[in-house]
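Input: a single structure, listed below in structure tokens.
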Amino acid sequence: MTDTRFDPAVADERWQRAWAEAGTFTADSDSEKPKSYILEMFPYPSGRIHMGHVRNYTMGDVLARYQRMQGFEVLHPMGWDAFGMPAENAAMEKGVHPGGWTRQNIAQMKAQLQRIGFALDWTREFATCDPEYYGHEQALFLDMFAAGLVYRKESTVNWDPVDMTVLANEQVIDGKGWRSGAEVEKRKLNQWFLKITDFADDLLDGLGKLEDWPEKVRLMQENWIGKSQGLEFSFDLSDGGKLPVYTTRPDTIFGASFCAIAADHPIAQSLAGDPDVAAFIEACKRGGTKAAEVETAEKLGYQTSITAKHPFSGADLPVFIANFVLMEYGTGAVMGVPGHDQRDFEFATKYGLPITRVVASDPARADEPFKGEAEAGDGVIVSSGFLDGMSVEDAKQAVITRAEAGGWGEGRTVWRLRDWGVSRQRYWGTPIPFIHCDACGVVPVPKDQLPVTLPEDVGFDIPGNPLERHPTWKHVDCPQCGKPARRETDTLDTFTNSSWYFLRFASQPEDRPFDPEEVAKWMPVQHYIGGIEHAILHLLYARFWTRALAHMGQIEVAEPFAALFTQGMVTHETYSRTDPARGAPVFFAPEEVDRTSDRATLLADAAPVDVGRVIKMSKSKKNVVDPDAIIARHGADAVRWFMLSDSPPERDLPWSDAGIEGCARFVQRLWRLFSAYDPAATGEDKSLERKTHQTIAAVAADIEALGFNKAVARIYELTGATEKAAPSASRSAAIRALVHLAAPMMPHLAEEVWAGMGEGLIADAPWPTVDPALLVDDEVTIAIQHMGKLRDTVTAPKGASKDALEALALASANLQRSVDGAAIRKVIVVPDRLVNIVT
RNA sequence: GCGGGUGUGGCGGAAUGGUAGACGCCGGGGACUUAAAAUCCCCUGAGCUUUGCUCGUGCGGGUUCGAGUCCCGCCACCCGCACCA
């Protein structure tokens, strides 16, 4: 403890080895302690750990270490989401095997994670590409098949011509593949599907109980599931036909002044013999498919010769073909209520259709004109016959009841959520365990023949699925009749791998996917931390699998993740110059740029570069900082401290060299303070003792609320106060407390100091206890205000009476000068806070 | 266009309706040193007629003794999107 500098190059590795040898972070399922499961979204082994991983895992690590100190048996595992396209892309580009490439990346990234000193239980590590993992997944898939949750159907799929694979609806972004960015084409294929829609209602209901999930994620899932309740009914048409429409606002039915059908609606198609109609239909197909484009596009319609009879008024409504109606939703036809739907309003205005008010803020204002836009809000129904005077909600029900009684319509719930297509025509994924037999049809692989493993000898020199081309792999005998048959060559979407991995972390028997009793000990995950990009797909699928497994009686867990936290990104400035030849920017990496003066210059030629916005670190913008280089220079604790400092964890964290240097300085500052620890010091410092206990309590509360930036600020404050204090027993106690407070965040420094104090591993030490009596100050500062403006402050004993505080305030010269003899009308006293004089 | 989020010093950000700017970074001044690094101390929202006062939390209103915080109406930026009727 006599070293003047803390040397992370030596200490980091020493304590990482000590934890590993002691098995400190190995979770014991049989422990008597209360259990806590802390999980961060496991990484895809792309090759290198990036700062986003470091931030994510540091947050989880602080929670895991803190909860250990609070007496919990903590499960904090790590593994690899190892199947996926990048491995096949690497295979195609570099001629390596996807498995070899993935394994190499895992080894490299594991070493990186270990250098940061995360409190992980590596004994439970697995990669989803291990046959020991995906074999169990195949078993679960067969169970789901037996339970009727898996089916095949011929369907139009999104075909990505670059990646040569099918994409889920959810994976198509703006009509392009979410990874390749290629324009998606439509193709018909026989596909495997999971019946997520069976659980739509339950998935929606469950959101209401997830109180520790961010509101925005719950909202996004709610919108994704998209439950809408309304009325489906048919208009009688003038040509003798019927026009089924679906509406969520049956209460406004008396305000309907037209009907609109999609351009590809059968009725529109039947009219396409007319060249004008055909031309209009063609025009509708042009233009962008993006929501934003379609929404802002001008509303266009073509009035047909057909009319529709209003079910109540009997009026003949014109039927239009319109560009804002989509065939994919509802019935592909709507009733137009211009007064209470903005699109209908714009359409009616353009084509001179009646705009009738049928909802008003009160009945007296039934004739109030519209102010240039539709009114979609709540109110009272007016000008609507038997509905007049009803609330919107009551009127909806009343219309549905009438329609059902009259047999011309019925209440209907419509979901946006569609079943999950899991087939992928790709090699690097979980083989779907089925066999196609000409005689027996589609036959499940018997469970005792699992896992169906991927063949190693495959090539990637030609696009497409290597399993399809393999000379022998797909040729097997039918398990039922024994005749020659073919293996299914589709593999499962990688989202299936991440839909149950948290269960395998909790329990990993050899012969089954998991042991329900072991799972029950750990689940649900107490804190799940990851990026907002998984707000819908991964989190919804994991919730679905959990429900499916519970439905089959395999587990008794309602929701997999009790609390969810979505952390912000790590960002950095961008540096660029515009290439005059191409007009496009050329980016430079931070290490190529001199940022020490006000402006930024390129080290190579000392000429200026443009400093761009602070955005997410990405290879294409070159604004990345490699964690390894930073750790080598400043040590793991400084990097961890930086990840927790300043920015609230849910917001973006701008990386800066000055910031990490400040963190490294603080590590040394703490080291110096800790080195001055004197166990023999005597004497009491009540004020420091209070500060110490207040800080212990506040840091605990901050960590539990994931307010790491606030905890960091409090540790800075206590450090400053302790440095300034004269030696005393209280000061020595403050130093010991600080070692504990720092332990979850800067574990290497804390262990080094703790060992120097002659103690064991601080990772095993309990969180310091707090004396409640020391949490309150005996003296408080009282603000003295005149008309709400601060005029003076005085100190008073805690709990002083209102009269005493008022007297103190009136004695203030500053206050008296401000009041200037005016009559005092009122005195407001907030005990221990302030006195406000009102004149 | 719709849904969600954010907006506070030069920067990241604190602040149960009660002293706005804690804490950190940057910057300035000083101490120590032959010198530098490191370290330590002080200052650091703007303005003014400076024992103190005025203004100040995106903009405009409102409620209140008192508003960054609550209410109404805007603006800007970020994220998401499916014209779901």
Side-chain angles (χ1 to χ4, degrees), chain A residues 4-5 169 173-174 214-220 222-224 226-228 230-231 245-250 252 260 262 289-297 299 322-326 328-337 340-344 346 376 414-416 532-533 535-536 598 613-615 641-642 645-648 650-654 656-663 665-666 668-669 672 707 709-717 719-720 723 781-793 813-814 817-818 825-830 832-839:
Chain A
T4 51
R5 279 187 64 79
N169 288 322
I173 295 165
D174 298 339
E215 181 63 28
K216 64 174 167 180
V217 174
R218 289 193 282 169
L219 219 114
M220 284 161 87
E222 189 180 322
N223 291 339
W224 193 264
K227 181 180 190 174
S228 73
L231 170 70
V245 299
Y246 175 72
T247 176
T248 56
R249 293 293 304 272
T252 63
T289 55
K290 278 188 198 172
E293 288 171 2
V294 177
E295 296 257 7
T296 48
K299 306 282 177 280
N323 67 345
F324 66 92
V325 180
L326 296 184
E328 287 77 32
Y329 300 104
T331 60
V334 299
M335 63 171 189
V337 185
H340 306 285
D341 181 284
Q342 185 57 26
R343 288 155 316 147
D344 295 349
E346 288 171 30
V414 171
W415 302 89
R416 178 204 176 275
I532 186 71
E533 67 272 20
I536 297 174
D598 279 353
R613 288 191 338 171
V614 179
I615 55 169
W641 190 248
F642 185 91
S645 303
D646 293 349
S647 286
E650 69 278 11
R651 281 205 226 168
D652 290 351
L653 172 68
S656 78
D657 291 339
I660 184 68
E661 278 159 24
C663 292
R665 274 201 302 275
F666 184 65
Q668 297 301 335
R669 187 175 150 199
R672 284 192 301 277
N709 57 322
K710 289 187 245 176
V712 162
R714 293 188 202 280
I715 290 175
Y716 271 116
E717 280 188 63
T719 301
E723 283 170 337
T781 305
I782 305 292
I784 297 175
Q785 299 180 336
H786 176 217
M787 306 295 286
K789 282 189 189 296
L790 183 71
R791 285 295 176 256
D792 206 350
T793 57
N814 286 347
R817 190 168 48 246
S818 181
R825 292 193 292 125
K826 200 172 175 185
V827 178
I828 286 149
V829 181
V830 182
D832 296 333
R833 273 271 174 197
L834 62 76
V835 180
N836 188 15
I837 307 292
V838 184
T839 57

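Each chain gets a letter, A, B and so on, in the order its sequence line appears, and its residues count up from 1. None of the values given here were measured: they were computed from a predicted structure.
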Query - Candidates U19(B), C83(B), C26(B) - which lies nearest the side chain of Asn323(A) - result: C83(B)
Query - Shortest non-hydrogen separation from Tyr246(A) to Thr331(A) and the atoms involved - result: N-OG1, 3.6 Å
Query raised in the report: Just checking Glu661(A): base, sugar-phosphate only, or nothing, at a heavy-atom cut-off of under 4.0 Å?
Result: nothing
Query raised in the report: Between Arg665(A) and A38(B), is there a side-chain N or O to OP1/OP2 distance below 4.0 Å?
Result: no
Report task. Rounded to the nearest 0.5 Å, what's the gap from NE2 on His340(A) to CG on Asp344(A)? Could you check? Result -> 11.0 Å
Requested in this report: Look at the side chain of Thr793(A) and decide which nucleotide, out of G18(B), U19(B), A14(B), has an atom nearest to it.
Outcome: U19(B)
Query raised in the report: According to a strict under-4.0 Å criterion, is Arg5(A) in side-chain N/O contact with OP1 or OP2 of U39(B)?
Result: no
Report task. Using atom CH2 of Trp415(A) as one end and atom P of A85(B) as the other, report the distance to the nearest whole Å. Result -> 13 Å
Query raised in the report: Of the nucleotides A85(B), C25(B), G66(B), which has the atom closest to the Ser228(A) side chain?
Result: A85(B)
**Report entry** Between A37(B) and C53(B) - C1' atom distance, rounded Å
**Finding:** 45 Å
Report task. Report yes if a side-chain nitrogen or oxygen of Arg833(A) is closer than 4.0 Å to either non-bridging phosphate oxygen (OP1 or OP2) of U19(B); otherwise report no. Result -> yes
Query raised in the report: Where each residue is assigned the nucleotide of RNA chain B containing its nearest heavy atom, which of Arg672(A) and Pro654(A) is assigned the position nearer the 5′ end?
Result: Pro654(A)
Query raised in the report: Which one, G3(B), A85(B), C23(B), comes nearest to the side chain of Leu219(A)?
Result: G3(B)
Query raised in the report: What integer distance in Å separates His786(A):NE2 from G66(B):C1'?
Result: 13 Å
Report task. Let me know the distance between CE of Met220(A) and C1' of G80(B), rounded to the nearest Å. Result -> 5 Å
Query - Spacing of Trp415(A) atom CH2 and Ser228(A) atom OG [to the nearest 0.5 Å] - result: 9.0 Å
Query raised in the report: Is Thr781(A) touching bases, backbone alone, or none of the nucleic acid, heavy atoms closer than 4.0 Å?
Result: base
**Report entry** Anti or syn - G62(B), cut at 90° from 0
**Finding:** anti
Query - Inter-nucleotide P distance (C71(B), G4(B)), Å rounded - result: 15 Å
Report task. Determine, step by step, whether Met335(A) and Thr252(A) satisfy the side-chain contact (heavy atoms from CB on, under 4.5 Å) criterion, reporting the C-alpha distance in whole Å, the side-chain angles of both residues, the deciding distance to 0.1 Å, and the verdict. Result -> CA-CA 10 Å; Met335(A) 63 171 189; Thr252(A) 63; 4.1 Å; yes
Report summary line: Between Met787(A) and Thr839(A), the two heavy atoms sitting closest are SD-N, 3.3 Å
Query raised in the report: Hey, does Arg218(A) reach any base, or is it just sugar-phosphate, or nothing, if we go heavy atoms under 4.0 Å?
Result: nothing
Query raised in the report: Who is the Watson-Crick or G-U wobble partner of C2(B), with both distances under 3.5 Å?
Result: G80(B)
Report task. Starting at atom CG of Asp652(A), determine the distance to atom C1' of C79(B), rounded to an integer number of angstrom. Result -> 10 Å
Report task. Can you figure out which of G12(B), A22(B), C25(B) approaches the side chain of Asp646(A) most closely? Result -> G12(B)
Report summary line: Closest to the 5' end of RNA chain B, once Ser818(A) and Ala713(A) are matched to their nearest nucleotides, is Ala713(A)
Query raised in the report: What does Tyr716(A) touch in the nucleic acid at a heavy-atom separation under 4.0 angstrom: a base, only the sugar-phosphate, or nothing?
Result: sugar-phosphate
Query raised in the report: Any idea which of A85(B), G24(B), A20(B) is nearest the Arg669(A) side chain?
Result: G24(B)
Query raised in the report: Could you state the NZ-C1' distance from Lys227(A) to G3(B), rounded to the nearest angstrom?
Result: 20 Å
**Report entry** P gap between C81(B) and G17(B), integer Å
**Finding:** 35 Å
Requested in this report: Please report, rounded to the nearest Å, how far the C1' atom of U50(B) is from the CG atom of Asn814(A).
Outcome: 13 Å
Query raised in the report: Considering only the C1' atoms, how many Å lie between G12(B) and G21(B), rounded to the nearest integer?
Result: 13 Å
**Report entry** Integer-rounded Å distance: C2(B) P and Phe324(A) CZ
**Finding:** 16 Å
Requested in this report: Would you indicate, yes or no, if A67(B) has its OP1 or OP2 atom less than 4.0 angstrom from a side-chain nitrogen or oxygen of Lys789(A)?
Outcome: no
Query raised in the report: Counting just side-chain N and O atoms, does Asn709(A) come under 4.0 Å of either OP1 or OP2 of C23(B)?
Result: no
Query - Residues Glu723(A), Arg672(A): salt bridge by 4.0 Å N-O rule - result: no
**Report entry** Watson-Crick/G-U partner (both atom distances under 3.5 Å) of C25(B)
**Finding:** G10(B)
**Report entry** Watson-Crick or G-U wobble partner of U39(B), both distances under 3.5 Å
**Finding:** A31(B)
**Report entry** Proximal nucleotide (of A22(B), G4(B), U19(B)) relative to the Lys216(A) side chain
**Finding:** G4(B)
Requested in this report: Sticking with atom C1', work out how far G66(B) lies from U49(B), rounded to a whole angstrom.
Outcome: 29 Å
Requested in this report: Give one of base, sugar-phosphate or nothing for Ser647(A), where a contact means two heavy atoms less than 4.0 Å apart.
Outcome: sugar-phosphate
Query raised in the report: If the C1' atom of C43(B) is compared with that of G9(B), how far apart are they to the nearest Å?
Result: 15 Å
Query raised in the report: Which base, if any, makes a Watson-Crick or G-U wobble pair with G56(B), both distances under 3.5 Å?
Result: none
Query raised in the report: Just checking Ile828(A): base, sugar-phosphate only, or nothing, at a heavy-atom cut-off of under 4.0 Å?
Result: base
**Report entry** Any side-chain heavy-atom pair of Val712(A) and Trp641(A) under 4.5 Å
**Finding:** yes
Report task. Output the single nucleotide from C25(B), C53(B), A85(B) whose closest atom is nearest the side chain of Arg343(A). Result -> A85(B)
Requested in this report: Round to the nearest Å and state the distance from Ile837(A) atom CD1 to U19(B) atom C1'.
Outcome: 15 Å
Requested in this report: Write down the distance separating the C1' atoms in A20(B) and A46(B), rounded off to the nearest Å.
Outcome: 14 Å
Report task. Between U63(B) and C72(B), how far apart are the C1' atoms? Round to whole Å, please. Result -> 11 Å
Query raised in the report: What are the two closest non-hydrogen atoms of Asp657(A) and Ile660(A), and how far apart are they?
Result: O-CG2, 3.1 Å
**Report entry** Short side-chain N/O contact from Lys826(A) to OP1 or OP2 of C65(B), under 4.0 Å
**Finding:** yes
Query raised in the report: Looking at Arg714(A) and Glu717(A), does any basic side-chain N land under 4.0 Å from a carboxylate oxygen?
Result: no
Query raised in the report: Between U51(B), G13(B), A85(B), which nucleotide has the shortest distance from any of its atoms to the side chain of Thr247(A)?
Result: A85(B)
